[in-house]
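Data block below; observations after.
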Amino acid sequence: MFALVDVNSFYTSCETVFRPDLLGKPVVVVSNNDGCIISRSAEAKKLGIKMGAPYFKIKDELRRQNVAVFSSNYALYADLSHRVMSILMEMAPAVEVYSIDEAFINVTGVANCIALETFGRQIREQILKNTGLTVGVGIAPTKTLAKLANFAAKTWSKTKGVVDLSDPERQRKLLALVPVDEVWGVGRRIGKKLNQMGIENALQLAECSTWVIRKHFNVVLERTVRELRGEPCLEMDEFAPAKQQIICSRSFGHRITEYRDMQQAVCAYAERAAEKLRAERQYCCVISVFMRTSPHAENEVFYGPQASGRLAIPSNDTRDIIRVAGQALERIWQDGFRYMKAGVMLSDFFSQGVAQLNLFDDYQPRHNSQALMQTIDRLNLSGRGTVWFAGQGSQKNWAMKREMLSPGYTTRYADLPVAK
DNA sequence: TCTGGGGTCCTAGGACCC
DNA sequence: TCTGGGGTCCTAGGACCC
């Protein structure tokens with residue numbers, strides 16, 4: 001038996017925790033670069049503000065409706081997320097952190113001691129008390145049904161945020177009420193195709209023959225169908241598997257036309273990617289760089305090349321990553337374009353920085369690599385300040401736009417809230 | 001002027017091998 | 001008139017998720 005716990009309007013709720021004056025008011029959070037809407041408070045949803053709407057298009061409307069707007073403050077959200085997850089880990093025997101704002105819990109044994117719905121309510125109370133955030137809880141025999149139960153808990157207020165879907169009869173009733181594209185694993189494309197085949201709601205999908213699904217779609221959707229019927233196909237993944245790739249990419253605050261600016265941006269992304277790689281305790285061999293012009297711009301030719309380079313020996317030393325990324329960039333750079341975005345991707349990971357060497361390989365091992373990287377990481381994690389490589393430059397013409405950023409309430413000493 | 005970022009899994013097709 | 005069968009590995013692209 002699974003429970004899915006997720007935080008309601010996570011990003012906006014994080015903002016209002018520290019701004020109680022905004023409670024009950026429409027609040028939205030916009031993506032990096034103040035690009036589009038990625039989180040809305042209940043009041044903002046009521047105003048009809050759409051998820052993913054480009055901010056520049058609805059800016060005036062938001063001002064007219066008196067909507068509070070925040071740039072994304074991921075340092076804040078990640079910190080509150082950790083707090084929520086550690087409460088869950090105290091209360092439940094097994095927790096799978098599925099995303100920044102949701103987790104699956106294994107509640108198989110819990111029913112022997114306490115009604116599952118009661119357990120769901122206890123989780124809710126505990127998290128609200130300790131973090132100020134409200135969660136929804138969906139309980140069911142498969143992950144896909146637990147997702148659906150959670151959807152029901154959010155959609156119908158009389159559930160008071162908790163839905164136990166253990167009972168098969170209840171499952172059928174709910175499935176019949178839910179449009180097929182609300183099912184976990186059914187996105188826009190597949191939803192549309194299912195509609196064309198006459199499958200409108202989740203119950204119809206559950207009753208569809210797996211043979212038909214396999215023929216017209218794939219094994220992934222077949223698993224979804226089985227899960228909807230109550231047959232578990234997905235298990236708890238309590239321990240995050242090792243990453244296979246790491247991407248660090250950003251849109252620029254302004255279009256970039258100068259090679260020098262692009263070099264700096266790529267250097268900064270390479271540094272950040274290397275930092276993530278070390279946090280994973282991994283080493284990589286392949287470093288790719290990509291960049292692109294705006295796909296939306298009319299009267300401009302789209303250009304979006306990618307290039308990669310390989311290290312002879314797996315490394316997580318920022319200097320190696322920057323060097324190869326710089327060489328890759330050199331190969332794809334073209335003057336005359338207005339670049340919107342770039343990124344650095346690491347892949348081909350190893351758990352150690354060693355490789356079988358050829359007899360005639362000629363390479364110079366670095367003696368100070370580990371100690372230097374550790375020192376950099378420790379400084380940057382301390383919350384007291386940061387150090388970076390000179391290749392990033394100091395002008396940062398490429399830096400992203402975050403004009404409505406809230407303070408680092410929990411992650412910067414200077415921004416700690418003061419109780420009066 | 002202006003449309004996020006970071007992942008995973010699966011499949012199809014090409015290169016190459018015997 | 002005509003050109004096997006079976007396998008592996010790699011990459012690109014498409015779908016999904018939050």
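No hydrogens, no waters, no symmetry mates; every other heavy atom, side chains included, goes into these values. Residue numbers start from 1 in every chain, and the chains themselves are labelled A, B, ... in the order their sequence lines are given, proteins ahead of strands.
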May I ask you to say what [X] touches in the nucleic acid, namely base, sugar-phosphate or nothing, with a heavy-atom cut-off under 4.0 Å?
X	result
Val7(A)	nothing
Tyr98(A)	sugar-phosphate
Val186(A)	sugar-phosphate

Taking the basic N atoms (NZ, or NE/NH1/NH2) and the acidic carboxylate oxygens, is any pair closer than 4.0 Å for Glu300(A) and Arg338(A)?
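The answer is yes: the pair qualifies as a salt bridge.
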Quick one: do Asp79(A) and Arg83(A) make a salt bridge, cutoff under 4.0 Å?
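Counted as a salt bridge, because a side-chain N and a carboxylate O are separated by less than 4.0 Å.
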Toward the 5' end of DNA chain B, which comes first, Asp34(A) or Cys248(A), by nearest nucleotide?
Asp34(A)
5'-most contact on DNA chain B: Lys57(A) or Pro241(A), nearest heavy atom basis?
Lys57(A)
Using a heavy-atom distance cut-off of less than 4.0 Å, which residues of [range] contact DNA chain C?
range	result
residues 340-348 of chain A	none
residues 99-107 of chain A	Ser99(A), Asp101(A), Glu102(A)
residues 189-227 of chain A	Arg189(A), Ile190(A)

Could you check whether the rings of Phe337(A) and Tyr303(A) sit parallel, tilted or perpendicular, using 30° and 60° as the cut-offs?
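Correct class here is parallel.
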Specify whether Phe104(A) and Trp184(A) have parallel, tilted or perpendicular ring planes, treating 30° as the upper limit for parallel and 60° as the lower limit for perpendicular.
tilted
Any non-hydrogen side-chain atom of Met404(A) less than 4.5 Å from a side-chain atom of Val30(A)?
yes
Does a side-chain heavy-atom distance below 4.5 Å link Ile332(A) with Val289(A)?
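Side chain of Ile332(A) against side chain of Val289(A), heavy atoms only: contact under 4.5 Å found.
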Mind checking ring-ring contact (aromatic ring centres under 6.0 Å, His included) for [X] and listing every partner two or more places apart, or none if nothing turns up?
X	result
Phe302(A)	none
Phe290(A)	none
Phe70(A)	none

Paired and unpaired positions of DNA chain C as dot-bracket, Watson-Crick or G-U wobble under 3.5 Å, | denoting a partner strand:
....||||||||||||||
If the P atom of dT3(B) is compared with that of dC18(C), how far apart are they to the nearest Å?
25 Å
Test log, rule salt bridge (Lys or Arg N to Asp or Glu O under 4.0 Å), inputs Asp317(A) and Arg278(A):
CA-CA 8 Å; Asp317(A) 188 305; Arg278(A) 291 192 293 272; over 6 Å; no
Quick test of your reading: applying side chain to side chain donor-acceptor pair (under 3.5 Å), list the pairs with at least one residue in residues 187-208 of chain A, sequence neighbours left out, ordered by first then second residue.
Arg172(A)-Glu207(A)
By the side chain to side chain donor-acceptor pair (under 3.5 Å) test, which pairs, at least two apart or in different chains, include something from residues 324-333 of chain A?
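Counting only pairs at least two positions apart or across chains, the side chain to side chain donor-acceptor pair (under 3.5 Å) contacts touching residues 324-333 of chain A are Trp333(A)-Asp335(A).
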Can you give each donor-acceptor pair under 3.5 Å made by side-chain atoms of residues 247-261 of chain A, sequence neighbours left out, with the distance rounded to 0.1 Å?
residue: Arg260(A); atom: NH1; partner: Gln263(A); partner atom: OE1; Å: 3.3
residue: Asp261(A); atom: OD1; partner: Asn397(A); partner atom: ND2; Å: 3.1
residue: Asp261(A); atom: OD2; partner: Asn397(A); partner atom: ND2; Å: 3.4

What is the first contacted nucleotide of DNA chain C and what is the last, in 5' to 3' order, if contact means an atom lying under 4.0 angstrom from a heavy atom of chain A?
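So the contact region on DNA chain C extends dA15(C) to dC18(C).
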With sequence neighbours left out, write down each residue that passes salt bridge (charged side-chain N to carboxylate O under 4.0 Å, His left out) with Arg272(A), or none if nothing qualifies.
Glu275(A)
